[in-house]
2 protein chains.
Amino acid sequence: MAERISDAEHAVMEVLWKRAPLTATEVADQVVREKDWSLQTVKTLLSRLAAKAVVGTERDGRRFLYSPLVERDDYLTGVSRNFVDRLFGGKVTPLVAHLAEADELSADDIREIEELLRELKK
Amino acid sequence: MAERISDAEHAVMEVLWKRAPLTATEVADQVVREKDWSLQTVKTLLSRLAAKAVVGTERDGRRFLYSPLVERDDYLTGVSRNFVDRLFGGKVTPLVAHLAEADELSADDIREIEELLRELKK
DNA sequence: CGTCAGTGACTACATGTGTAGTTTCAATGA
DNA sequence: TCATTGAAACTACACATGTAGTCACTGACG
């Protein structure tokens, strides 16, 4: 059901999530700022995403306009759940604990997260 | 540098992280409780992991004993960092915020994490 | 001493992924 | 009108991955 999005495809999606619809060339222009890919590569990725119905296409004269069909939030939720399930037994606490232990959490991060959690409890 | 571990390979690693060294057959016995794979499949995965120097082999008569060469914690740290970088711009707070919004955090989870953070600040 | 079971080594093969090149077709400008 | 250009479609190809099958060897058992 949940269509798989590969790493390279994900880079393309990020561009479309920022702004859409876009033509292939416009997408490539954006993507190239990050990744050193050719226009053809980006087009291939767009085709694959379209084939999987992860992006939609709309004819605009001689070219196509591409738009995401999957919400970024939904994608993140799916991937995050999968991640936490596979690596941390589905529990978020061990993930946070691990990040903390690995010094991936700054004091600021900790304050931010505490703030966020306080909000949530309301 | 950081050798890539695929999903299937990860399942094998989890067994070895729990107990090692083990023979291929012992690993397979454990893995099969989770995944419906044949002995051959597990052996292939072990070979690939050995080829990547993610597990080490030690001759024991006619067979091999396999042990992880990578710490589970180090692996988790690498994968987590990569995950947070790619999907949340390297910041943990948005990840937690997202999980919360997606209702992946129970009230208990929140309490646990708050507790954990309090500990950290000491 | 010969046979068998267990083991690693090698081979296989479809599908996914990263990364493009080539072809074709249609619109556009001279 | 005809060549040029830009876009999509099709083709390519090596390496990774999931998932095994087959082969050859060796020690143990009868």
Side-chain angles (χ1 to χ4, degrees), chain A residues 1-16 20-67 75 78-79 82-83 86, chain B residues 1-16 20-67 75 78-79 82-83 86:
Chain A
M1 232 128 288
E3 289 302 351
R4 172 94 201 125
I5 296 177
S6 79
D7 278 15
E9 287 164 358
H10 175 237
V12 169
M13 289 306 289
E14 285 295 344
V15 168
L16 286 175
L22 293 179
T23 67
T25 308
E26 287 167 339
V27 173
D29 283 350
Q30 294 302 309
V31 169
V32 163
R33 290 169 201 273
E34 292 285 317
K35 314 281 183 166
D36 193 23
W37 294 340
S38 83
L39 172 63
Q40 297 313 319
T41 298
V42 175
K43 283 187 178 181
T44 298
L45 294 172
L46 280 170
S47 299
R48 289 179 183 171
L49 287 166
K52 285 190 283 203
V54 173
V55 309
T57 58
E58 178 195 352
R59 188 138 230 145
D60 171 41
R62 72 198 126 163
R63 60 240 175 100
F64 280 112
L65 294 178
Y66 297 88
S67 319
Y75 171 72
V79 177
N82 191 286
F83 177 78
R86 279 199 340 109
Chain B
M1 228 127 286
E3 291 300 349
R4 174 89 201 130
I5 296 178
S6 79
D7 278 15
E9 288 164 358
H10 175 238
V12 170
M13 290 305 288
E14 284 296 342
V15 169
L16 286 175
L22 292 179
T23 68
T25 308
E26 287 167 339
V27 172
D29 282 350
Q30 294 302 310
V31 169
V32 162
R33 291 169 200 274
E34 292 285 317
K35 312 280 184 171
D36 192 24
W37 293 341
S38 83
L39 171 64
Q40 297 313 321
T41 298
V42 175
K43 284 185 176 181
T44 298
L45 294 172
L46 279 170
S47 299
R48 287 180 184 171
L49 288 166
K52 284 189 284 203
V54 172
V55 307
T57 58
E58 177 196 352
R59 190 140 228 144
D60 171 41
R62 71 194 128 168
R63 62 239 174 99
F64 279 112
L65 293 178
Y66 297 88
S67 320
Y75 172 72
V79 176
N82 191 286
F83 177 78
R86 280 200 337 111

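Please read these numbers as outputs of a predicted model, since none were measured by experiment. In what follows, chains carry the letters A, B, and so on, assigned in the order in which the sequence lines appear, proteins first and then strands, with residues in each chain numbered from 1.
Rounded to a whole Å, the NE2 atom of His10(B) is 16 Å from the C1' atom of dT17(D). Between the CG atom of Asp29(B) and the P atom of dG6(C) there is a distance of 12 Å, rounded to whole Å. If you take CG of Leu46(B) and P of dT17(D), they are 16 Å apart, rounded to a whole angstrom. Per the geometry, CE belonging to Met13(A) stands 17 Å off C1' belonging to dT17(C), to the nearest Å. For the pair Phe64(B) CZ and dC25(D) C1', the computed distance is 13 Å after rounding to whole Å. Look at NZ on Lys43(B): it is 12 Å from C1' on dG21(D), rounded to the nearest Å. Rounded to an integer number of Å, the gap from CD1 of Ile5(A) to P of dG18(C) is 12 Å. The distance between atom CG of Leu39(A) and atom P of dG18(C), rounded to the nearest whole Å, is 18 Å.
Of the candidate nucleotides dT22(C), dG18(D), dA7(D), dG18(D) has the atom nearest to the side chain of Ala8(B). The side chain of Arg4(A) lies closest to dT17(C), out of dT17(C), dA9(C), dT17(D). Set against dG8(C), dT17(D), dT19(C), the side chain of Arg48(A) has dT19(C) as its closest nucleotide. With dT22(C), dA8(D), dA20(D) as the choices, the nucleotide that has an atom nearest any side-chain atom of Trp37(B) turns out to be dA20(D). The side chain of Leu45(A) sits closest to dT19(C) out of dG8(C), dA7(D), dT19(C). Here dT22(C) is the nucleotide among dA9(C), dT22(C), dG18(C) with the atom lying nearest to any side-chain atom of Gln40(A).
What you find for Ala50(B) and Thr57(B) is that their closest heavy atoms are CB-CG2, 4.1 Å. Taking all atoms of both residues into account, the shortest heavy-atom contact from Val32(A) to Trp37(A) is CG2-O, 3.3 Å. Scanning all heavy atoms of the two residues, the minimum distance from Arg4(A) to Glu9(A) falls at O-OE1, 3.8 Å. Heavy atoms only, all atoms of each residue included: Ile5(B) and His10(B) are closest at CG2-N, 3.6 Å. In terms of heavy-atom proximity, Pro21(A) sits nearest to Leu65(A) at CB-CB, 3.8 Å.
Of the two residues contacting DNA chain C, namely Arg62(A) and Glu9(A), the nearest-nucleotide position lying further toward the 5' end is that of Glu9(A).
Within 4.0 Å of Thr44(A), counting heavy atoms only, lies at least one base atom of the nucleic acid. Across all strands, Ser6(A) comes closer than 4.0 Å only to sugar-phosphate atoms, never to a base (heavy-atom distances). Within 4.0 Å of Asp60(B), counting heavy atoms only, lies no atom of the nucleic acid at all. Using a 4.0 Å heavy-atom distance criterion, Ser38(A) is classed as a sugar-phosphate-only contact.
Distances shown here put every side-chain N or O of Thr23(A) at or beyond 4.0 Å from the OP1 or OP2 atom of dA7(D).
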